[in-house]
Amino acid sequence: VAAVAIGTTAYIYQGYAPPSESSTAFSYVASTDAINQLTAVYPSSRQGASAASDGTKAWTFGGEAIGEYKADVIEHDPAGQGTFTTLAAQLPSGRAWTAAVWLDGAAYIFGGETAAGTVIDDIVKFVPSTGSVSLIGHLPAPVKAAAAVATDDYAYLFGGVRSDGSRNDDILQFDPSDNAVGVSDRRLQTPRDGVSAVWDQARYIFLFGGCESSSCGLKQILRYDTDTDRIKAVGGELPTGRGRTAAVWLDGAAYVFGGQQGASTALNQIVKYVPDAPNTPPEPDFDVSGHGLTVDVDAGSSTDAEAPLDLFEWDWGDGSQHGSGATASHVYASSGSKTITLTVTDADGDRASVAATFDLGQTSQGGGTTPTGPIVIWFPTQNPGTSSNHPNSQSESTSPGGADATGGHSSKPVERVDPLATPRRTPGIGLAVFVLALAGFVAITRRR
Ligand SMILES: [Ca+2]
């Protein structure tokens with residue numbers, strides 16, 4: 001079954017309704033939970049078509065009926081009583097089990113299977129305004145029955161069936177600006193096809209169920225994070241295992257339509273999934289102590305709302321190799337003003353940084369003739385900045401509080417004395433934040 005969202009309505013097209021392929025089309029309005037068969041007639045029966053919508057109209061691509069593989073493009077205009085029109089434009093050849101998205105002014109149709117049973121790697125572009133259909137590139141490998149979903153910038157493909165009939169666990173990223181396809185280092189938890197996918201219009205792609213074999217038994221819901229390229233299973237799951245569903249995002253929730261349960265049971269259910277709140281960035285915080293030119297740092301006061309923190313990185317501010325771990329030590333080569341920046345990463349890959357600046361002084365101690373060694377002079381910073389790498393986060397702005405640089409944890413020879421210089425706001429934290437965000441961007445674009 002294939003589905004699109006137009007406005008506040010989902011439209012569901014074709015599919016397999018035992019004992020045969022279907023030509024029905026339905027509308028579903030989430031706010032009233034009302035599903036209706038359209039009076040406009042879908043032109044012919046089929047299954048395995050893909051669908052995409054520009055938000056006004058929708059198009060379905062190819063499909064298969066009684067062994068006939070179709071190349072047609074069918075336009076659905078839901079305005080008024082609605083119309084279905086078979087366009088003059090045709091796919092390069094008959095094909096079914098493609099995956100389609102709407103992205104940047106065009107529909108893209110990925111992979112599929114031809115009448116000869118050949119799994120293909122085509123990337124086909126359809127531009128409704130001109131009616132043109134063109135083969136614009138190739139996937140890294142042939143695939144059919146993958147899930148495809150688009151964000152504002154990219155299309156993503158998940159799983160599918162390879163040429164040899166095996167399932168894959170690939171996550172691919174397609175960039176319409178240069179038609180390049182990147183392969184993520186991340187993978188689906190297990191190989192599968194027949195997954196459905198939606199984007200929450202903000203950050204996450206949700207993936208529903210799928211088929212690990214010709215039987216569709218997965219009820220897992222996966223969450224792929226387009227910010228951090230991480231994927232994980234969410235707490236909820238589908239009522240029963242199923243694959244070959246169609247899913248749309250409407251008004252803050254995902255709706256999953258129909259599908260195949262097990263080896264052959266066709267479902268008529270509509271499943272609503274309301275995601276948990278998005279991940280929030282961690283809140284880094286640390287204490288500094290030490291003696292001599294040695295500093296000890298402890299990030300034990302850092303917190304995260306969702307889960308334990310994953311990674312700690314210490315930039316000592318002197319160009320030396322960064323430290324790691326919740327606690328760390330560093331020996332400076334000289335005294336003077338020092339800035340330590342802690343970057344913490346949570347289990348979902350969100351990062352945030354905080355910096356503390358202090359003066360590391362050397363002076364002699366005691367009234368005797370023999371100095372007892374260098375003394376570190378500590379004082380808290382004022383309003384060190386905290387920030388996060390998450391572009392949508394409200395905590396992006398600098399907030400007061402954060403790291404404490406104190407000597408309170410140390411015993412002699414550390415001694416609290418009057419500051420040698422005025423405490424100051426950490427310089428360069430804004431730049432540090434920018435670099436973090438840029439690094440994330442570079443990381444994802446390099447996956448191509
Ligand atoms: Ca978090």
Side-chain angles (χ1 to χ4, degrees), residues 1-17 21-47 49-61 63 74-85 99-103 107 128 147-152 194-209 219 221 223 234 236-240 242-261 266-277:
V1 68
V4 300
I6 298 178
T8 57
T9 303
Y11 293 93
I12 302 107
Y13 309 111
Q14 56 93 62
Y16 188 76
E21 293 86 0
S22 168
S23 64
T24 51
F26 298 93
S27 66
Y28 175 74
V29 179
S31 58
T32 57
D33 193 31
I35 188 153
N36 289 294
Q37 185 167 341
L38 300 184
T39 51
V41 178
Y42 191 78
S44 69
S45 300
R46 67 192 64 198
Q47 62 176 326
S50 57
S53 171
D54 67 355
T56 303
K57 297 178 180 177
W59 298 270
T60 70
F61 305 97
I74 296 171
E75 179 175 280
H76 176 215
D77 182 351
Q81 295 300 303
T83 55
F84 285 97
T85 307
V101 299
W102 181 264
L103 178 61
V149 64
T151 64
D152 283 338
V195 178
S196 57
V198 297
W199 181 48
D200 70 356
Q201 309 293 316
R203 177 172 178 181
Y204 299 119
I205 291 168
F206 294 98
L207 305 169
F208 300 95
K219 33 183 190 178
I221 301 172
R223 189 181 83 176
V234 302
E237 56 186 22
L238 298 169
T240 61
R242 66 194 64 192
R244 297 170 189 154
T245 60
V248 299
W249 181 262
L250 285 174
D251 194 25
Y255 294 84
V256 183
F257 300 100
Q260 175 183 330
Q261 175 181 309
L267 296 171
N268 61 359
Q269 294 173 347
I270 303 169
V271 176
K272 180 181 183 180
Y273 170 68
V274 180
D276 292 337

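The shortest side-chain heavy-atom distance between P239 and V271 falls under the 4.5 Å cut-off. Looking only at side-chain heavy atoms (C-beta outward), Y204 and P275 stay at 4.5 Å or farther from each other.
With sequence neighbours excluded, the residues that form a side chain to side chain contact (heavy atoms under 4.5 Å, CB included) with A99 are A148. Among residues two or more places apart in sequence or in another chain, the side chain to side chain contact (heavy atoms under 4.5 Å, CB included) test is passed with A246 by V1, A3. When the side-chain hydrogen bond (donor to acceptor under 3.5 Å, both in side chains) test is applied to T151, no partner is found at least two apart in sequence or on another chain. By the side chain to side chain contact (heavy atoms under 4.5 Å, CB included) test, A147 is found to be paired with F158, V195, A197, residues two or more places apart in sequence or in another chain being considered.
Taking every heavy atom of both residues into account, V4 and A58 meet most closely at CG2-CB, 3.7 Å. Nearest heavy atoms, A5 versus V248: N-CG1, 3.9 Å. For the pair A277 and R223, the tightest heavy-atom approach, listed with the atom from each and the gap, is O-NH1, 4.4 Å. Closest of all the heavy-atom pairs between Y273 and V234 is OH-CG2, 3.4 Å. The two residues W249 and V198 come nearest to each other via the heavy atoms N-CG1, 3.8 Å.
Here the side chain of Q14 pairs a donor or acceptor atom with the backbone of A49 at under 3.5 angstrom.
A donor-acceptor contact under 3.5 angstrom links the side chains of T24 and S22, judged on distance only. Looking at H76 and Y13, their side chains do bring a donor and an acceptor atom within 3.5 Å of each other. Counting only N and O atoms by type, the side chains of S196 and T245 include a donor and acceptor under 3.5 Å apart.
In Q201, the CD atom is crowded: over 12 heavy atoms of neighbouring residues, nucleotides or ligands sit closer than 6.0 Å.
Rounding to the nearest 0.5 Å places CG of D77 at 8.5 Å from OG1 of T56. Here Q261 contributes atom CD and K219 contributes atom NZ; the two are 10.0 Å apart, rounded to the nearest 0.5 Å. Note that CG of L267 and CG of L238 are 10.0 Å apart. Values are rounded to the nearest 0.5 Å.
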- [ ] Under the side-chain contact (heavy atoms from CB on, under 4.5 Å) rule, what do D54 and W59 come out as? Steps first, then yes or no, please.
- [x] CA-CA 9 Å; D54 67 355; W59 298 270; 3.6 Å; yes

Could you tabulate the donor-acceptor pairs under 3.5 Å formed by side-chain atoms of residues 31-47, not counting sequence neighbours?
residue : atom : partner : partner atom : Å
D33     : OD1  : Y28     : OH           : 2.5
Y42     : OH   : T60     : OG1          : 2.6
S44     : OG   : R46     : NH2          : 2.8
R46     : NH1  : G62     : O            : 3.0
R46     : NH1  : D72     : OD1          : 2.6
R46     : NH1  : D72     : OD2          : 3.3
R46     : NH2  : D72     : OD2          : 2.9
Q47     : NE2  : E21     : OE2          : 3.4

For residues 250-260, dump all side-chain donor-acceptor pairs below 3.5 Å to protein atoms at least two apart in sequence or in another chain.
residue : atom : partner : partner atom : Å
Q260    : OE1  : R244    : NH1          : 2.8
Q260    : NE2  : S214    : O            : 3.4
Q260    : NE2  : G262    : O            : 3.1
Q260    : NE2  : A263    : O            : 2.9

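The aromatic rings of F208 and F206 lie tilted to each other, with the angle between the two planes from 30° to 60°.
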